Amino acid sequence: MTNSEIRQSLKLAAQLMELHGENPFKTRSYTAAADLIKSMDESLAEMSQDELLAIEGIGKGMAANIASLNETGSFENLDKYLELTPDGVVEMLGISGFGPKKVAVLWQEGGVETLDDLLLLCESGQVAKLKGFAEKSQETLKAAVAFLISNRYSEKYAQVDGLVKELEEEFSAWKEVTQCSETGQTRRRMEVIDLLELVVATEDFEKTRSQINQLAFMSEEEKKSGPVTWYGRHDAAKCPIKIHFVKPERYFNRLIETTGTMRHMHIPVGEKMTIHSELKKEIPSEEAFYESLGMKYIVPELREGSKEIDWAKNDKIPDLIEMSDLKGILHNHSTYSDGKHTLRQMAEHCKEMGYEYLGISDHSQTAVYAGGLMDADVQRQQDEIKQLNEELAPFKVFSGIESDILADGSLDYSEEVLSSFDFIVASVHSGLNMDVKKATDRLLKAVYNPHTTILGHMTGRLLVQREGYPVDHKAIIDACAERGVVIEINASPYRLDMDWRWIDYALEKGVMLSINPDAHEMRGYEDMYYGLQVARKGGLTKASNLNSMSLSEITAFFDSRKKKA
DNA sequence: GCCGTTTTCGGCCCGACTGTTTTCAGTCG
């Protein structure tokens, strides 16, 4: 098991224990163990019992739990409490703002055992009558539960991209299969996947079907399968899978047909012509197909049915940003706050990966939980940055901060301290339960703050798990345009925030974006890949991406921002 | 459940924010 999986299990155990009224100090030892694993680098799975026991906060009991997790995937105490708790109640523990105590009331007093029960109870107004609940909690809960129910069979892209590749490889190795590709949502690089699709070109549909059914992790739902499709589940994914069988000569027809959205397929491309209508003839390649319709080739991630047909017909497809266009990495954390690796490690690793610069932006002082930097820490970090810059030149570390946007929209330090940074990412981390007016006003005030360089994860959403606070995207983008504030595309696969659907509007307004990994460890840099995927979907070019600037360009950019502040 | 010791039991614990209260419990990052 990975450290993060072990951590999740310990956290779940702690929540369940609290739900069942266990000794709070015992519960805390589980939370404490989970927290300390967060900052650990060594793999727990590879450590001996003695090594585990040497860690402060891990005693005999926890070491045994970890050993058991590695061997069986669970441990006695966790099993015991899971046994005592309905699945729906376990799911309820995942709702933000409602912890074990509240969930216990819903379960014990309200008789709620599933998310559907809970939604009904909210809708009937009964939740507001429970102890510790009122109108507002009921409304919040209703929205959160409805969101969870609608995402019940959805996965984040990063949760399934590896799995799709494995299936592609598996199928491609079969003798009667000539070609195979992902298609549909993953091929379009959607941020959330509720149907995983593949196209398999095969000489023998039924043989391929039976081969799929021989894979232990695949289970067919025959009622939903058809003569040319296999429909079912993969053990490792919440979302269903649809596999399209096609004769080798019609492979590209099926690939095009299943990749684009219905809208893409039905936008007129000529006199009584749509992409869909033109798929009748045999197609040698996707490129040749689009060319035959008198337009430029449209990459899969753009086939949403928005402006791409227009662009392709008028030779105006943006020159989409690529991995090699990223010159530096902004918005990263170190051990100064809640990061796993030291500033030096983060800097050296970034340099080794071939980037020209790193922007470090640890949490600010209000984020006490994350070890946010007090004034003295800022000074200490800036001294270290100075020293690193002498050592690592021409590579450069920029001194930044991820400043909390406080409830009233102000930033988290004195003018003097704010002025000491090269750049500032302003983000909301607390008080997420706001209406659209309050949230928008709060963000606008931060955008109008002359010290703000980048607006961080605009809506605070956690894909599949938590809806972001509602914001008036247009108003905020307009303000960013007016003030020259850069908007972050937070590349964490949990966030991908701002939503790519707003990139086009931002570009229209001349706003600059920035693909930032929000890395809390060296490996976090790899998340840039996910940010890049959604950035491309939104039509981002390197010219409009801040961290595509060279070192000298971005130095000049930060300097000119600071002069205006 | 962990830790430490006055050594086998007693103490352990971040603080802001929210929504519920009528002075605070619960939650979170």
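Given the structure is predicted, the values throughout are model-derived calculations rather than measurements. Each chain gets a letter, A, B and so on, in the order its sequence line appears, and its residues count up from 1.
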Q. For A:L141 and B:dT18, what is the distance between atoms CG and P respectively, to the nearest whole Å?
A. 18 Å
Q. When the P atoms of B:dT21 and B:dT27 are considered, how many whole Å apart are they?
A. 15 Å
**Q.** Stacking of A:F25 on B:dC12 base (centres under 5.5 Å, planes under 30°)
**A.** yes
Q | Minimum side-chain heavy-atom gap A:V89-A:L19 below 4.5 Å | A | yes
Q.
For the C1' atoms, the ones on B:dA16 and on B:dC12, what distance do you get once it is rounded to whole angstrom?
A. 22 Å
Q: Answer yes or no: is there an ion pair linking A:R501 with A:D499, defined by an N-O contact shorter than 4.0 Å?
A: yes
(Q) With rounding to the closest Å, how many angstrom separate the P atoms on B:dT7 and B:dG11? (A) 15 Å
Q) Heavy atoms under 4.0 Å, any strand shown: does A:L93 hit a base, just sugar-phosphate, or nothing? A) nothing
Q. At under 4.0 Å between heavy atoms, what does A:N23 touch on the DNA or RNA strands: base, sugar-phosphate, or nothing?
A. base
(Q) Without decimals, in angstroms, what is the distance between A:Q138 CD and B:dG19 P? (A) 14 Å
Q: Take atom NZ of A:K38 and atom C1' of B:dG29, then tell me their distance rounded to the nearest Å.
A: 8 Å
Q) Atom CG of A:L130 to atom C1' of B:dG19: distance rounded to whole Å? A) 15 Å
Q) More 5' along DNA chain B: A:K102 or A:L406, using each one's nearest nucleotide? A) A:L406
Q. Do A:K327 and A:Y355 meet the cation-pi criteria used here (NZ or CZ under 6.0 Å from the six-membered ring centre, within 45° of the axis)?
A. no
Q. Between B:dC12, B:dG19, B:dT27, which nucleotide has the shortest distance from any of its atoms to the side chain of A:E18?
A. B:dT27
